[in-house]
Every structure is written in C-alpha cells, then in structure tokens.
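Have a look at the structure below, then the notes.
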Amino acid sequence: MAEFPKQINVYEFVLRPVEATHDNAKMLYDIFSKDMKNLRFWVPNDDYQSALDVFVSLKMREGYTQPYLYGIYKGDEFLGEIGLTGFSGANKFAFVGYWLKESARGAGVINKLLPTIEDIAFETLDINKLKLNCNPKNIASRKIAEKNGYTLDGIMRADRVWPDGSIHDSCEYSKLRSEWEKGKQNA
C-alpha cells in the first residue's frame, strides 16, 4: 500500500494533519463548543468536555501510521477537517468525512477538496467504495455528495444517537471505484 502524503496543496488550501498541541486542542474545543448544534453529527461533542479531551484525541491520532485525516488551512487560518474514517480492508470501503467551522461554510471549500481525497483513497487504499454519511436535514452536505457524483444508497433510520439522547436518521451516499475511474477518464 502506498503512503498517504503528509501535506497536500489544493488550490489556495493546504491539507495537513492537525498537530497534537494544547493550542490546537483549545482552538478545536472552542470551534466545537460554539457550533455544537451543527457539528454534533460528526464531532463527538459528548466526548469533548474540555480542551484536554480534544488534546487526548489528537495525541491518539499520532499513533496511526497513515494521516487519514487532514486539517484544512487557508494561509494560517484553520477551516476544518477532511479525510477518511472507518476503513475496512476486508470489505474494501472507507468513509469520507469532513466538517468546517461556521465562517468557512458556503464558499465551496469541500467541493474543491473532495476530489483530491477521493484520488488519494482510491489510488492508495485497495477499496471498491467510498461512503459519505450526513444528516438528512443537512442540505449543504447532501448537495456536496450529489455534485461530486455520489449516489444516495438510502436513509439509515435511527442511525445516530446524539449526546442529548435523541435519535436521528442519516443519509448514506457512496461512490464506487468504477464510477471514480469513469469520472477520471471523462475529465
């Protein structure tokens, strides 16, 4: 298996792992705390009760041999994260995930970056499918999936339990390797 790049330049953005520093943990905790309502679908807000909890999570990431998750930077400004989670070598799939802080949304950032993450995933991992899950009410994420050629496989009923105990559905989209290859040929 080829190695994931440590840093990627895409348009005006730089993708690189978020280092486990106390400053980064505080920055992330502040973002999560201010926008818990919109980020709770992906960010384990119930696990992050303090900046120290975020720091521990960042330290745990350092043990991975591949940086599957990248921080999104524009200049010195941190915008969010994008990358791969839930990799299953046996079933040949991975989940692509992303989140942006509130001030970075609506500018097409993910649409610019998602094709690069797909290229890395299909070229580096021996997978057949990329999955993308989102809240059915998150119209922006649904549009991102559809604009980038993902197919809605279905609405997963009662798929997420939020920290307040409420139960929510999720949309599951996917893109197959054959669809990604066809898109590369047509580009």
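We're numbering straight along the sequence, starting at 1.
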Rounded distance (nearest 0.5 Å) linking atom CG of N135 with atom SG of C171 = 7.5 Å

request  = Verify, without hydrogens or angle tests, whether Y29 (side chain) and Q49 (backbone) share a donor-acceptor contact under 3.5 angstrom.
outcome  = yes

request  = State, with a plain yes or no, whether a side-chain heavy atom of F13 is found less than 4.5 Å away from one of L79.
outcome  = yes

task = Would you sort out whether D159 and E172 count as a side chain to side chain contact (heavy atoms under 4.5 Å, CB included), showing the intermediate values?
result = CA-CA 10 Å; D159 196 47; E172 183 160 299; 5.9 Å; no

key: Heavy-atom side-chain contact between L125 and L84 under 4.5 Å   = yes

request  = Supply the atom-to-atom distance K112 NZ to I72 CD1, rounded to the nearest 0.5 angstrom.
outcome  = 12.0 Å

query = Can a salt bridge be assigned to the pair K34 and D30 using a cut-off of 4.0 Å between side-chain N and carboxylate O?
reply = no

task = Using a 4.5 Å cut-off on heavy atoms from C-beta on, say whether the side chain of Y98 contacts that of E81.
result = no

query = Given V54 and N24, is the side chain to side chain contact (heavy atoms under 4.5 Å, CB included) satisfied, shown in steps?
reply = CA-CA 9 Å; V54 178; N24 282 343; over 6 Å; no

request  = Could you tell me whether the side chain of K101 reaches within less than 4.5 Å of the side chain of E77, counting heavy atoms only?
outcome  = yes

query = Quick one: does W99's side chain get under 4.5 Å of I31's, heavy atoms only?
reply = yes

query = Can a salt bridge be assigned to the pair D126 and K92 using a cut-off of 4.0 Å between side-chain N and carboxylate O?
reply = yes

message = Both conditions, 6.0 Å and 45 degrees, for the charged tip of R16 above the ring of Y73: are they met here?
response = yes

inquiry  = Under the criterion ring pair (Phe, Tyr, Trp, His ring centres under 6.0 Å), I'd like the reasoning laid out for F95 against F93: C-alpha separation, chi angles, the key distance, then a yes or no.
reply    = CA-CA 7 Å; F95 285 90; F93 71 79; 5.7 Å; yes

Distance in Å, L114 CG paired with L132 CG, rounded so as to fall on 0.5 Å steps = 7.0 Å

query = Which pair of heavy atoms, one from A104 and one from V109, lies closest together, and at what distance?
reply = O-CG2, 3.9 Å

query = Should V96 and Y150 count as side-chain neighbours, where that means a heavy-atom distance under 4.5 Å?
reply = yes

key: Heavy-atom closest pair, residues S141 and C134   = CB-CB, 3.7 Å

message = Check this for me: does any side-chain nitrogen of one of R105 and D35 sit under 4.0 Å from a carboxylate oxygen of the other?
response = yes

inquiry  = For a quick test of reading the model, state the closest non-hydrogen atom pair linking L58 to T21 and the distance between them.
reply    = CD1-O, 4.4 Å

query = How far apart are the closest heavy atoms of G71 and V18, and which atoms are they?
reply = CA-CG2, 3.7 Å

inquiry  = Is there a path of hydrophobic side-chain contacts, each under 4.5 Å between heavy atoms, that joins L176 and L130?
reply    = no

request  = Taking only Lys NZ, Arg NE, NH1 and NH2, and the carboxylate oxygens of Asp or Glu, determine whether D169 and R160 approach each other closer than 4.0 Å.
outcome  = no

note = Output for pair (I82 CD1, L69 CG), nearest 0.5 Å, gives 9.5 Å

query = Are S170 and H168 linked by a side-chain donor-acceptor pair shorter than 3.5 Å?
reply = no

key: Side chains of L113 and Y70 in contact at under 4.5 Å (non-hydrogen atoms)   = no

inquiry  = Using every non-hydrogen atom in the two residues, find where A20 and K59 come nearest and quote the distance to one decimal.
reply    = CB-CD, 3.4 Å

query = I8 versus I120: any side-chain heavy-atom pair under 4.5 Å?
reply = yes

task = State whether a side-chain donor-acceptor pair under 3.5 Å links E118 with W180.
result = no

ask   = Would you say N186 has more than 12 foreign heavy atoms packed within less than 6.0 Å of its CG?
value = yes

ask   = Is it true that the side chains of E146 and Y173 contain a donor and an acceptor less than 3.5 Å apart?
value = yes

message = Once rounded to the nearest 0.5 Å, what's the spacing between atom NZ of K175 and atom CZ of F122?
response = 7.0 Å

key: Any donor-acceptor N/O pair, D53 side chain to S50 backbone, under 3.5 Å   = yes

request  = Using modelled atom types only, decide if a donor and an acceptor are shared between the side chain of K129 and the backbone of R177 within a distance under 3.5 Å.
outcome  = no

